[in-house]
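For ligands, and for the atoms within them, numbers begin at 1 and follow the listed sequence. Predicted model only: the values in this text are computed from it and were never measured.
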Amino acid sequence: MARKIIVTSALPYANGPIHIGHLVEYLQTDIWVRFHKMCGNQCLYFCADDTHGTPIMISARAAGISPEKMIEQMHKEHVADFDSFYIEFDNYYTTHSPENKYLSELIFSRLNEAGSIIKRDVEQTYCEVCKMSLPDRFVRGTCPRCKAEDQYGDSCEVCSATYEPRELINPYCATCGTPPALKTSQHYFFKLADYEQKLRELITGGHTQKSVANKLDEWFKAGLKDWDISRDGPYFGFKIPGEEDKYFYVWLDAPIGYIASAKNYCDKISLDFEQLWNGSQYELYHFIGKDIMYFHALFWPAMLMGAGFKTANKLFVHGFLTVNGEKMSKSRGTFINAKTYLKHLDPEFLRYYYASKLTDGIDDIDLSTEDFINKTNADLVGKFANLASRSGPMLVEKLDARLGQLDQRGAELINKLTAERQNIIDNYENLKLAGAVRTISALADEANRYVEQNQPWTTVKTDLEKTRTTLTAVINAVRILTIYLKPILPKYAEKVERFLNVGQLNFRDLEMRLENHKINVFERLFERIDRRQVDAMMEESKQTQSAKPAPVQAPSSEAFKPECSIEDFGKIDLRIAKVLKADKVEGADKLLRLELDVGGPRKTCLAAIAQAYSPEELTNRTVIYFANLKPRQMKFGLSEGMILAVGTGGKDVHILTADPGVKPGQKVL
Ligand SMILES: [Zn+2]
Ligand SMILES: [Zn+2]
């Protein structure tokens with residue numbers, strides 16, 4: 001029997017464009033939704049822009065437009081980006097909507113009646129010039145612990161201390177620079193701890209993945225705290241009923257936006273919303289990133305329970321995207337907007353690449369540009385498109401575009417392909433997309449081997465009917481592989497459907513064979529990626545974004561690497577070195593060639609520090625030298641060892657040095 005399923009992705013914030021990090025989630029969700037639709041299930045995919053809060057208000061002010069205008073523009077951009085990546089929502093709405101206002105007030109009043117809301121005085125930082133209370137991230141100042149200047153109001157990026165904004169030394173408003181005042185105000189709090197028992201039951205009942213449950217357990221142990229759900233005006237959001245100048249905190253009404261999007265959808269097509277959202281016919285799944293687990297695994301289900309709404313069947317949590325093993329970075333050109341990507345590359349390349357990496361876990365996935373190019377060219381071009389282009393044109397040109405019948409060997413190949421059906425379907429269902437891709441790719445190898453063995457390009461000269469039989473098997477293989485790939489590659493599948501002259505392919509079509517059938521003219525499916533396209537995309541990402549400050553960013557605290565022994569450390573030979581000479585490198589604007597005195601023969605080392613240091617700044621500097629690193633032959637010469645530095649690259653590079661008194665060649669212990 002067909003299942004009825006509702007699926008949501010986290011709502012993107014209407015303060016900036018969609019980038020390739022966001023796309024991990026929307027592509028993962030879209031693939032899952034398309035898979036269910038292809039199984040014959042009714043699957044509805046709801047999402048919306050998350051439009052409220054101080055950052056939106058401030059961005060709109062800075063742009064000289066109203067917040068309403070700003071979120072309207074951003075909505076258009078987001079929709080266009082999602083469309084371009086073939087992400088197909090059943091409804092893409094906004095949290096700034098009458099439905100969301102109604103539902104937020106409803107849920108709030110029900111929580112209030114249930115005794116889950118209390119009022120309490122809080123002391124908050126307020127800017128007299130901006131005439132607004134300042135969220136933690138909008139106050140900056142000197143860290144009370146390590147005295148680093150220009151730190152956020154809630155944590156220090158230098159020493160990782162966490163504190164209250166009022167503990168900062170010399171605090172100032174991040175927007176206008178004025179020292180803020182302290183003001184007492186009454187806020188509304190949601191008593192999360194009242195729901196601890198029910199939440200624990202929900203989580204142990206398999207509400208989310210094991211690794212997520214473990215993290216939640218830490219939070220339970222630390223104790224659930226009351227949650228401040230109100231903000232003082234001016235604020236862009238929904239006013240709290242009965243209040244003059246207090247608003248719901250954006251995080252209260254954002255997830256309610258899922259329900260509001262569903263309600264808007266139901267009203268548009270006259271469906272019974274109560275039945276759809278709160279009835280038992282529909283299963284409900286939320287897809288989110290691991291950065292918002294606290295909100296979605298604790299606050300959100302507690303709010304729903306308290307207000308008499310049902311909770312999701314499951315919360316699917318995924319990891320972050322890294323590019324070439326590191327956090328996305330504007331200076332490296334790896335912070336790539338959806339729009340920039342689209343100027344250079346086919347969206348289905350990214351859909352396929354992410355699918356080939358995604359599992360049901362919460363580990364980060366890495367986009368290695370090298371691997372991305374190789375995999376696209378090897379799999380999409382070399383395996384899937386190749387199979388079609390080796391059979392389609394020949395059939396059309398030499399054999400009146402007509403398929404014959406499968407012989408025994410052909411039938412064997414096709415049976416091998418369909419035998420993996422359940423395996424592939426299970427992998428899709430359980431979000432093991434990488435597993436599905438691996439299997440499909442191995443089956444394509446099988447089909448390509450069949451072509452090699454039967455050599456249609458040779459037999460076509462002597463035996464047309466034998467060739468027709470061979471190509472009939474190949475075309476059937478193309479059809480089956482396309483069904484398997486269709487959730488990931490919808491556009492590719494559309495082209496294949498046209499060329500095979502068949503209707504929309506679904507999983508139930510796997511058992512059917514295409515025989516004595518006329519196909520259409522072949523159209524090209526994929527073009528190879530050239531490295532220069534990727535380079536150009538990254539170069540453009542640097543240009544468009546390097547100057548923009550990022551007002552709201554999570555503090556970077558990278559986890560430590562696994563433990564190692566002092567013996568492990570002993571393998572690394574670190575020495576004091578003195579820079580004798582530093583030179584620019586012709587043709588490589590990021591590199592400097594350093595000549596180093598390390599106590600013995602001079603060493604030459606190529607370092608990617610030219611954007612942060614001029615050659616003059618480096619001459620005579622003392623540096624730390626990694627002496628026994630295997631020398632590397634680069635395009636610009638041999639690089640021996642390396643010097644130690646901190647930073648994310650580009651201008652953000654800081655060389656490590658030593659206190660006076662050290663001599664070149666001395667060992668670092
Ligand atoms: Zn500090
Ligand atoms: Zn201010």
Side-chain angles (χ1 to χ4, degrees), residues 13-16 51-71 122-187 222 228 230-237 239 244-247 249-250 291 327 329 547-561 612 644-648 651-657 659:
Y13 201 45
N15 196 24
T51 57
H52 292 152
T54 309
I56 301 260
M57 187 173 74
I58 290 182
S59 293
R61 269 189 204 169
I65 52 175
S66 67
E68 286 85 356
K69 188 81 209 156
M70 191 178 112
I71 62 173
V122 296
E123 210 178 34
Q124 60 190 22
T125 39
Y126 182 87
C127 178
E128 299 282 0
V129 175
C130 295
K131 296 266 175 275
M132 58 181 274
S133 47
L134 301 172
D136 295 353
R137 298 241 128 187
F138 285 85
V139 188
R140 299 187 74 104
T142 302
C143 168
R145 190 163 91 180
C146 77
K147 313 288 187 275
E149 289 178 8
D150 201 27
Q151 297 303 311
Y152 285 122
D154 56 353
S155 62
C156 171
E157 288 193 307
V158 178
C159 75
S160 303
T162 59
Y163 41 73
E164 299 283 317
R166 60 189 148 79
E167 295 174 61
L168 283 173
I169 304 165
N170 300 325
Y172 57 91
C173 166
T175 311
C176 73
T178 313
L182 282 179
K183 246 178 122 169
T184 302
S185 167
Q186 198 173 56
H187 275 217
D228 188 345
S230 60
R231 291 294 182 270
D232 290 328
Y235 193 77
F236 185 55
K239 221 172 238 182
E244 261 317 295
D245 199 29
K246 287 192 195 300
Y247 295 77
Y249 177 38
V250 53
D291 51 334
K327 248 171 82 173
S329 131
K548 262 195 197 162
V552 183
Q553 254 186 6
S556 66
S557 60
E558 254 181 72
F560 291 140
K561 288 183 183 167
L644 303 192
V646 178
T648 54
K651 290 194 172 73
D652 179 27
V653 172
H654 312 273
I655 287 175
L656 295 189
T657 186
D659 278 345

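For the pair SG of Cys143 and SG of Cys159, the angle whose vertex sits at the Zn ion (ligand 1) is 110° to 10 degrees. Geometry at the Zn ion (ligand 2): SG/Cys127 and SG/Cys130 form an angle of 110°, nearest 10 degrees. Between Cys156 atom SG and Cys146 atom SG, the angle centred on the Zn ion (ligand 1) amounts to 110° (nearest 10°).
Within the cation-pi definition used here (under 6.0 Å to the ring centroid, within 45° of the axis), Arg145 does not qualify as a partner of Tyr163.
The nearest pair of heavy atoms linking Cys146 to Cys156 is SG-SG, 3.8 Å.
In this structure, Tyr235 and Tyr247 have tilted ring planes: the angle between them lies in the 30° to 60° band.
A salt bridge is absent between Lys183 and Glu123: the closest approach of a Lys/Arg side-chain nitrogen to an acidic carboxylate oxygen does not fall below 4.0 angstrom.
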